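Encoded as structure tokens, the structure appears first; notes follow it.
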Amino acid sequence: MGRSILSSQHSTQQSTRATVTVFAESGSWIESDAVDQCHQVAALDGMIHVAGMPDLHPGKGAPIGAAMLSSVLYPLLVGSDIGCGIAVFPIRLKRVVPERLAGRFPDLDEPVDPADLPGTDIPAGYTDQLGTVGRGNHFVELARVDEVLDGGHAERLGLTAGDTVLIVHSGSRGLGERILRSHTEVHGAGPAADPAAYLAAHDEAVRWGHLNRRIMAERVADALGAELGEPVTDVCHNSAEVRGGHYLHRKGAAPGDGTDVLIAGTRGTRSFLVAGHAGAGAGHSVAHGAGRKMSRSDALRRGRAKHTVEELRRTAVGSIVVCGDRQLLFEEAPGAYKRIEQVIGDLVAHRLATPVVSTVPLVTYKTADLAPRKGGRR
DNA sequence: ATGTAC
């Protein structure tokens, strides 16, 4: 049986072990398995501090929603989707009718032809998935700025209530996976034998991720006949950086020190753009999303009993979810995630971030909508 | 989250 978090910010310190701090209020439920994973990470050689974000949940090997500072570089603590992040682009549309716009989204499972990207500096050796969104929690969402919560900051970003924005959550696809696998095949969960070489490959995946998010935004803007602005934020939440002579690993945690970050809600609830001002105790980081409340398999099993496909495709806030994959629709159901307001509230309570604006989904693209098959289910 | 194996 795992422990539960009883204090609002509980830390443990042993002479040879790293500190673990979880930034969640006592009312916020955090799965004990995820806290156990933080302590397992804290026991690794060289580990100095583990900061759990309020969206902390169990991951494969390492917790998701954590910043981990160590004197040793562990590729597994960044995971396979190196450079995954969230960008927000202002986008100007003539008419905003979700039903019509949903049908005009491009197929973001189909890569772009690099020949169609003249003058683009494409990281070497990996072009076959450029412009694709991937699966899992990735999405491309047309959203409306809902509430302005910090007027001065929103104005500096050029955001006003009622504006439309395009939120792109995606990563480095097969490239990051390949980089991690080439490490684990030789060293397993152990440290990087050649940190500089890992970081060079990592940086390429980060660049690829940024480029991929921009390409997708341009594809969507083209298909919708919309004008796309420069991103107001584009921040990775799976990364490693050298900091004060140590390695700061982030897995499902965004840089949160002087950074504006879009913290994603769910496909059917709001998201929040926040100004991060997290210190060393929080690993200079903020949360990256609502955080899973249920495993994918639980969400699938319980979702099938609780929801119809129709209500997941047309959400409570009136948005449309483009997703031809029924299983993914259930796995990503809003109910499979924590309440984003709780996550944001925890960040505010611990003075890690200040909300700037909230956004409400209009159309969320997950994966191509399948054409109905005659006589069959889809 | 991913490519790949089942």
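Naming: A, B, ... by sequence-line order, numbering from 1 per chain. Computed from a predicted structure; not experimentally measured.
In this structure, the NZ atom of Lys60(A) is 12 Å from the P atom of dA1(B), given to the nearest Å. Across the protein-nucleic acid pair, Leu77(A) atom CG and dA1(B) atom P stand 17 Å apart, rounded to whole Å. Look at CG on Leu108(A): it is 17 Å from P on dA1(B), rounded to the nearest Å. If you measure from atom CG of Asn137(A) to atom P of dA1(B), you get 3 Å, rounded to the nearest angstrom. One atom, NE2 of His57(A), and another, P of dA1(B), lie 7 Å apart when rounded to the nearest Å. Computed from coordinates, the Leu175(A) CG to dT2(B) C1' distance equals 12 Å when rounded to whole Å. The distance between atom CD of Glu177(A) and atom C1' of dT2(B), rounded to the nearest whole Å, is 5 Å.
Annotation: side chain to side chain donor-acceptor pair (under 3.5 Å) contacts of His187(A) (sequence neighbours excluded): none. For His138(A), the ring pair (Phe, Tyr, Trp, His ring centres under 6.0 Å) partners at least two apart in sequence or on another chain are His169(A). Considering only residues two or more places apart in sequence or on other chains, Arg173(A) meets the side chain to side chain donor-acceptor pair (under 3.5 Å) condition with Thr132(A).
Ser285(A) and Arg250(A) are linked by a side-chain donor-acceptor pair at a separation below 3.5 angstrom, with hydrogens and angles left out of the test.
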Let me have the donor-acceptor pairs involving side chains of residues 328-340 of chain A, under 3.5 Å, with sequence neighbours excluded, atom names and distances please.
{"unit_1": "Glu331(A)", "atom_1": "OE1", "unit_2": "Arg296(A)", "atom_2": "NH1", "d": "3.1"}
{"unit_1": "Glu331(A)", "atom_1": "OE2", "unit_2": "Gln327(A)", "atom_2": "NE2", "d": "3.0"}
{"unit_1": "Glu332(A)", "atom_1": "OE1", "unit_2": "Tyr337(A)", "atom_2": "OH", "d": "2.9"}
{"unit_1": "Glu332(A)", "atom_1": "OE2", "unit_2": "Arg292(A)", "atom_2": "NH1", "d": "3.2"}
{"unit_1": "Glu332(A)", "atom_1": "OE2", "unit_2": "Arg296(A)", "atom_2": "NH1", "d": "3.0"}
{"unit_1": "Glu332(A)", "atom_1": "OE2", "unit_2": "Arg296(A)", "atom_2": "NH2", "d": "2.9"}
{"unit_1": "Glu332(A)", "atom_1": "OE2", "unit_2": "Tyr337(A)", "atom_2": "OH", "d": "3.2"}
{"unit_1": "Tyr337(A)", "atom_1": "OH", "unit_2": "Arg292(A)", "atom_2": "NH1", "d": "3.3"}
{"unit_1": "Lys338(A)", "atom_1": "NZ", "unit_2": "Leu56(A)", "atom_2": "O", "d": "2.9"}

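Ile167(A) forms part of a hydrophobic cluster together with Ile86(A), Val88(A), Phe139(A), Val145(A), Val148(A), Leu157(A), Leu159(A), Val165(A), Val232(A), Leu262(A), Leu273(A), Val356(A), Val357(A), judged by ILVMFWY side-chain heavy-atom separations under 4.5 Å.
Side-chain nitrogen and oxygen atoms of Arg173(A) include none within less than 4.0 Å of the OP1 or OP2 phosphate oxygen of dA1(B). Distances shown here put a side-chain N or O of His138(A) below 4.0 Å from the OP1 or OP2 atom of dT2(B).
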All N/O pairs under 3.5 Å across the protein-nucleotides 4-6 of chain B interface:
none

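As judged by a 4.0 angstrom heavy-atom cut-off over every strand, Glu331(A) is placed among residues making no nucleic acid contact.
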